[in-house]
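Below is one structure, written out as structure tokens; comments come after it.
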Amino acid sequence: MIVYLIIRCKFAPRLSMTKTFSIILFSFLSSNLFAQKDSSGEIKILNEIVVTSTRTENKLGNVAVPVSVINKKTINQAGSLRLKDILQEQAGLNLTNGFGAGIQMQGLSPDYTLLLLNGEPLVGRTAGVLDINRIGISNIKKIEIVKGPSSSLYGSEAMAGVVNIITEDSYKKSLETNIRYGFGNPDKGWIAPTDKEVFKNVDFNFNGSTVYKKTSLRFSSNSFYIDGISYRPYSTLRVPQPIWRLTNQFHLNHSFSSKTNLNLTVRHGYDYIKQELSVGNLGSISNSYGREANSDLNINPTLSHNFNNKIKSTLRLYKTQYNGSQKLSFTDKPDSIYDDEFRQNFLRAENQTDFNWKKNRLAIGAGYSADEANSTRYDNVKNKKNNTIISAFIQNEWMPFDKMTIIAGMRYDHNKLFAAAFSPKLAARYSINKKISFNASIGRGFKAPDFRQLYLNFTNNAAGGYSVFGSIDAVKIINQIQSLGQISEIKDDFYKLTALTPEYSTGINIGSTIAITKKMLFNFNFFRNDIEALIDVRQVATKANGAQIFSYINIKNAYTKGGEAELNWQLTKQLKVSSGYQYLLTADKDDIKNINSKKVYTRNNDGISRLLVKSEYVGLPNRSKHMANIKLSYENKHDFFATARLMYKSKWYVSDKDGNGLINTNDEAANSYTLINLSAGKKINKLISMNIGMDNMLNYQDATYLPNLQGRMIYVTANFKLK
Amino acid sequence: MKKKIITLVAVSAILFSACKKDSNIITPAGPGVNDYSVTVNGKIVTVRNLDADTIIGMGGQGPYGAGKYSFFSLASNSRVSNSDSATSNWDLAFGGTTIRVNCGTSGPGNGGAYVYTGLFDDLTSVSADSTFKTDNAPAYAITKGSGKGWYSYDGPNNIVTATPGRTLVIKTANGKYAKVEILNYYKGGTTPSISASDSIKTYDSRYYTFRYTYQADGSTTF
């Protein structure tokens, strides 16, 4: 089929418009795989321009906080289709399972990493997790990852850091398409693409852009299909779960003059996931089937004007809307309907004005946001919950002399629903010489309580009838139930129920970048995040029938600390090695207190209780102590590339097996594992390039703890650069 | 070769007798199923695989047993027949995660109990200000429910874990004192892993392994 396409498309430029488009429908588009060739053989990463760390353009080598950039070439060479694919190859990011794939950065849960699309927040989290499978990356220019609290610029959620996805905005005429076919079977290991039992993955892209006078337009479309799989609880029985994802994006840029520019981005994403689910509860398993459908809309006009070469002002408007819906019926009762709806609407208007004078770059911004949600998980699906946020920030970059940059910034967020948050940050960078520089930063991050924590009103009748109530209504609802005589017990934590406040963190990052040679760049960073007033789900009461009632309380304090290192080494003009490593330690501060005051027990192998020794304490669950990656990439003059990427994750503890309420070495852990991904590509002529690849070469699988990890998949991609 | 075997036999004989000296395995000690056993080792008695209304089927409300408790006498280190349930012959009764004491609504005895937070070995005597609770169904001296009495229940993974560092202080049917540590709730004394099948987690549950020291002289020291 692919060969057929190539033959057809070779003649595409000569075909009529309609025929060209019919071909486009069957093919797919790509990407400047070979555009960023670097013939000098030197490492030039530090010259990349980044915007996320300071909200102004800066060379990567000049920023004072840990930032990494994944560019288009890296993404394309890795054959990554979804944001998850490429982020799982980064040593400092751990992807979590559960409610999709979430980003765990510097040991903080997915709730605390802000995800931005062109600088504006993505919404639609489930249990705090924004599933990064939702985000297709065929049309993006680069991904910037900023580590450490960034609330001084971005407000809520930027506690661990920020991932900013920047879409392609090139202003030239182009027409590209590509198609990819992937296949595999986790049981068989090797399988022919035509076999009946094959798991398929088909991905299809079309990108086109044009320029007319001072206006440029860009359109891109992606459709993705995979024979997804999931597992029955406590079994290795696979259940097919086909997934369709569609993304369309439109980009417009118009220059009114050399000083005034208008940008408009509209993106729409749609996911459809067929589901066959099994839920185990109290030893009985209930099966259900149905579907999940989610859609995502982002509209982002921005108008920028340079008053002179010292003052630039940008007005940004943003609307995003997320609709998530799940409909299920129990297999044994087909007329039963479980309907779960969640809708979120977020609007923002913001101005940022940059002033450059002498040795200072000052950015001042202010904005107004309205956040609104309604859900079947709240009291009534028709009741819209809303919050408004008025925010202002100021940041100054001061370069007292050539080798030094000092950045001071702060942001104030006033919320209608809960306490205001103040987020300062201070960062400094000092270059000893051209080869060695040091960075240090300290900042405060916060995460505002989300609608779920405030308004959830959920009783799980399928699982013992337990209830979870958001903090705003919990006391009222429990008092009502009690007045009916249906509460058997009020817990101590009930009296701690008050208005939720934001969760806070204080993060310190200290690191260095060393150009060992022109061809070898090494950098490291040590971090520590102290997190206060973490919101935890606690049992606050028990119903007369024994069912538990939970709510949310700002109660936990924790820390994460560790180090990360990265080496980039251009071995020869063709061969490059890049490698990363992260070491991570975490703890719940109350756990440490309890261990020190000899209140925590565990058991010996013979089952006899004894005191827990402090060295047995592991910390927060679902965190790997060691994560590493190595990437080899080869590229030659003949437009050929090949990569081999290895990712390693050490074991992570998953549950409190010995029943002492915390995670220690006697508890259950998931096994460490290694993933190896391979890819190669060749530009055949001006029109066509081909890629092949193999993901998860070792066919590593773990049905219990990595249910979404596909087995080995082989793929072939054909790229056509029609213009 | 022959010499070696003789040596082996001799060594094992010594080992075996050494064991026998202070350890006395009583099997079966009263009616029991599977690998139920009672071992006496000095002051400490260990009971293994005491079935406690084990699962016989799955219903709409989840798995269920026959609804029969297993009765045990700490005084005689032995299981007691169910026909003696209305007598003072038993001290503890086990049914699922519920442990009854021979007192109040559970039986005619003078029993009572409370849960001590701390190690079995560290509990050397019953302090004078201790309050023994009695069974008053649906409330029990040994409080029912996850995290309240002797166990915690992990719902999503369907696993019951005996909380470490909990010692049950028991007043027996005849007013003597004993201390009890529940060691495990599953067959063979091993908790299944999270990834075990629900069938194993269900059908291997409700088998108690516990150890106790019974003070026959009526004093409060162990």
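We use all heavy atoms of the structure for the numbers below, so side chains are in, but hydrogens, waters and symmetry mates are not. Numbers restart at 1 for each chain; the letters A, B, ... are given by sequence-line order, proteins then strands.
- Side chain of A:Arg603 to main chain of B:Ala162: a donor-acceptor pair is present (N/O by atom type, distance under 3.5 Å, no hydrogens or angles).
- The stretch residues 163-170 of chain B places B:Thr163, B:Pro164, B:Gly165 near chain A, each with some heavy atom under 4.5 Å from a heavy atom of that chain.
- Looking at B:Ile182, only its backbone comes within 4.5 Å of chain A, counting heavy atoms on both sides.
- At a 4.5 Å heavy-atom cutoff, A:Asn605 makes no contact with chain B through either its backbone or its side chain.
- Of the atoms belonging to A:Ile608, heavy atoms from both backbone and side chain fall under 4.5 Å from chain B.
- Close approach to chain A, defined as a heavy atom under 4.5 Å from one of its heavy atoms, is seen in B:Thr117, B:Gly118, B:Leu119 of residues 117-130 of chain B, taken by number.
- Heavy-atom minimum distance, A:Gly659 versus B:Ser152: CA-OG, 3.9 Å.
- Scanning all heavy atoms of the two residues, the minimum distance from A:Thr704 to B:Ser195 falls at OG1-CB, 3.3 Å.
- Looking at B:Thr191, the atoms closer than 4.5 Å to chain A (heavy atoms on both sides) sit in the backbone and in the side chain alike.
- The distance from atom CD of A:Glu668 to atom CD1 of B:Ile159, rounded to the nearest 0.5 Å, is 6.5 Å.
- The CG atom of A:Asp606 lies 7.5 Å from the CZ atom of B:Arg211; values are rounded to the nearest 0.5 Å.
- Under a cut-off of 6.0 angstrom, the local environment of NZ in A:Lys625 is sparse, with at most 12 non-hydrogen atoms contributed by other residues, nucleotides or ligands.
- Under a cut-off of 6.0 angstrom, the local environment of NZ in A:Lys491 is crowded, with over 12 non-hydrogen atoms contributed by other residues, nucleotides or ligands.
- Contact of A:Thr542 with chain B is made through the side chain alone, with heavy-atom distances under 4.5 Å.
- With rounding to the nearest 0.5 Å, the separation of NZ in B:Lys148 from CD in A:Gln539 is 6.0 Å.
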